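Structure, as structure tokens:
Index from 1, following the sequence. In this text the structure is predicted, and so the values were computed from the model without any measurement. Just so you know, these numbers use all the heavy atoms, side chains as well, and skip hydrogens, waters and symmetry mates.
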Amino acid sequence: MYTELLVAHFENSVPFCRRIPVPQSLRSDVVAILILHNPQYPRHFLNGCYIICDLEQQMMNDGKTFPATFLNLVVSEEQSWLETDIGQTSLFTSHRPIVISFRLLNCIGLGDISKSYLNLKSKELTDILSVTPGFVQRAYAALRCYALQLRTDSYIIDGSEYFASRYPAKSWLMNNETTLAWVCGASSSPVAYIQYVMLEDSGGDTHVLITGLAVEESYRRHGYGRGLVLSAIAGTPGCKEIWVSAKEENYAAISLYHQCGFETKKRRWDYSLATVHSKAG
């Protein structure tokens with residue numbers, strides 16, 4: 001369910017999202033191919049093509065990397081993108097080189113891209129964590145969150161306006177995801193926020209993905225981030241599982257999630273690449 005939540009989050013991120021059909025030969029591994037575009041912020045890092053993959057567990061156990069031939073199937077010297085109807089619009093013709101971001105789950109890497117038509121821009125390893133809260137755990141989370149608010153003279157409010165003011169290029173998320181903000185006694189305005197998306201599976205169970213969590217630097221190490229995570233656990237009754245991701249080197253965030261009952265379940269490679277032969281049209 002994590003991959004479906006991740007796809008939903010990307011679709012929520014921008015005003016214009018287009019799904020590209022996944023080639024038949026890749027459907028066992030590729031969950032979605034998305035093109036995201038925000039015309040108000042044409043140079044924002046969210047604009048581009050996102051390829052979300054979840055390889056079979058057997059591939060991870062065999063220590064295999066994602067085959068480089070996949071890149072040629074998807075990109076095909078960029079021509080396969082330009083031949084689509086959306087490829088003829090200004091989304092591509094005025095915003096090249098095309099940025100392609102891979103999210104690879106259950107895989108140790110992307111493989112050799114030296115012979116592909118892409119240049120590597122960045123590469124990161126991310127831990128995927130989840131918690132399956134029962135009634136007792138939700139009640140305990142609510143109690144801990146309430147105790148922290150009493151101790152710090154704090155309270156939680158709707159965080160939409162705060163999020164939009166700090167991250168205007170990502171403000172489209174407010175229309176589709178829940179945003180909460182933490183206000184502490186030492187400040188009359190929010191100092192932290194949490195954001196999450198909810199989806200139902202085919203059986204009617206609700207799943208949650210925490211898509212954002214941030215505390216202003218001068219207010220960190222006071223428990224406010226933990227309080228917001230606890231509020232999300234307590235405030236999503238009936239939710240079967242809550243997911244979150246954190247960069248592998250972000251030990252503080254991973255420790256925080258562990259303190260809130262999360263366990264590491266998967267690892268994800270995040271690649272950002274740009275087409276080599278792109279030229280402005």
N176/V197 under side-chain contact (heavy atoms from CB on, under 4.5 Å): CA gap, chis, key distance, verdict
CA-CA 7 Å; N176 304 286; V197 59; over 6 Å; no
With S130, which of H207, K265, E263 fulfils side chain to side chain donor-acceptor pair (under 3.5 Å)?
K265
How many angstroms lie between atom OG1 of T211 and atom CZ of F10, to the nearest 0.5 angstrom?
10.5 Å
Pick out which of I233, L129, V229 makes a side-chain contact (heavy atoms from CB on, under 4.5 Å) with I242.
I233
Indicate the atoms forming the closest heavy-atom contact of K240 with T132, along with that distance.
O-CG2, 3.0 Å
Using 0.5 Å steps for rounding, measure from the CG atom of L199 to the CG atom of D201.
9.5 Å
Side-chain heavy atoms under 4.5 angstrom apart, residues restricted to Ile, Leu, Val, Met, Phe, Trp, Tyr: same cluster for M198 and L173?
no
If you measure from OG on S189 to CD on E161, what distance do you get to the nearest 0.5 Å?
12.0 Å
If you take all heavy atoms of A32 and R19, which pair is closest and at what distance?
CB-NH1, 4.1 Å
Specify the closest pair of heavy atoms between R144 and Q259, including all atoms of both residues, with the distance to one decimal.
NH1-O, 3.5 Å
With distance as the sole test, does R220 use its side chain to make a donor-acceptor pair with the main-chain N or O of V215 at under 3.5 Å?
yes
Hey, are the side chains of V31 and V7 touching, using non-hydrogen atoms and a 4.5 Å cut-off?
yes
Distance-minimising heavy-atom pair for Q195 and F163
OE1-CZ, 3.5 Å
Under a 4.5 Å cut-off applied to non-hydrogen side-chain atoms, are R138 and C239 in contact?
yes
If you count every heavy atom of other residues, nucleotides or ligands that lies below 6.0 Å from E11 atom CD, does the total exceed 12?
yes
Do V183 and L213 belong together in a cluster built from hydrophobic side chains that touch within less than 4.5 Å?
no
Show, in sequence, the C-alpha distance, side-chain angles and deciding distance for H258 and T264, and conclude whether the side-chain contact (heavy atoms from CB on, under 4.5 Å) test is met.
CA-CA 8 Å; H258 285 164; T264 302; 3.4 Å; yes
Side chain proximity check, I156 to C145, heavy atoms < 4.5 angstrom
yes
Just wondering, do Y257 and D127 contact through their side chains at under 4.5 Å, heavy atoms?
no
Consider only side-chain heavy atoms of I, L, V, M, F, W and Y, link residues closer than 4.5 Å, and tell whether Y162 and L180 are in one cluster.
no
Distance in Å, S231 OG paired with Q149 CD, rounded so as to fall on 0.5 Å steps:
8.0 Å
Rounded to the nearest 0.5 Å, how far apart are CD of E241 and CG of L5?
9.5 Å
Given the rule in the side-chain contact (heavy atoms from CB on, under 4.5 Å) test, do H222 and V191 qualify, once you have shown the distances and angles that lead to the verdict?
CA-CA 11 Å; H222 294 287; V191 299; over 6 Å; no
Under 4.5 Å between side-chain heavy atoms, hopping through other hydrophobics if needed: is there a path connecting L230 to L228?
no
Main chain of Y251, side chain of S255: is a donor-acceptor contact present, judged purely on distance under 3.5 Å?
no
Do you know which two heavy atoms are closest between Y224 and C184, and how far apart they sit?
OH-CB, 3.6 Å
Please answer: with hydrophobic residues joined when any side-chain heavy atoms are less than 4.5 Å apart, are M174 and I194 in the same cluster?
no
Which heavy atom of I157 sits nearest a heavy atom of P190, and at what distance?
CD1-CG, 3.9 Å
Can you check whether W182 reaches L148 side chain to side chain, under 4.5 Å on heavy atoms?
yes
Answer yes or no: is there a side-chain heavy-atom contact under 4.5 Å between I210 and F262?
yes
M1 vs D205 side-chain heavy atoms within contact, under 4.5 Å:
no
With rounding to the nearest 0.5 angstrom, report the CG to OG distance, L209 to S245.
6.5 Å
When you look at OH of Y167, are more than 12 heavy atoms from neighbouring residues, nucleotides or ligands closer to it than 6.0 Å?
yes
For W172 and V14, indicate whether the former's side chain and the latter's backbone hold a donor-acceptor pair under 3.5 Å.
yes
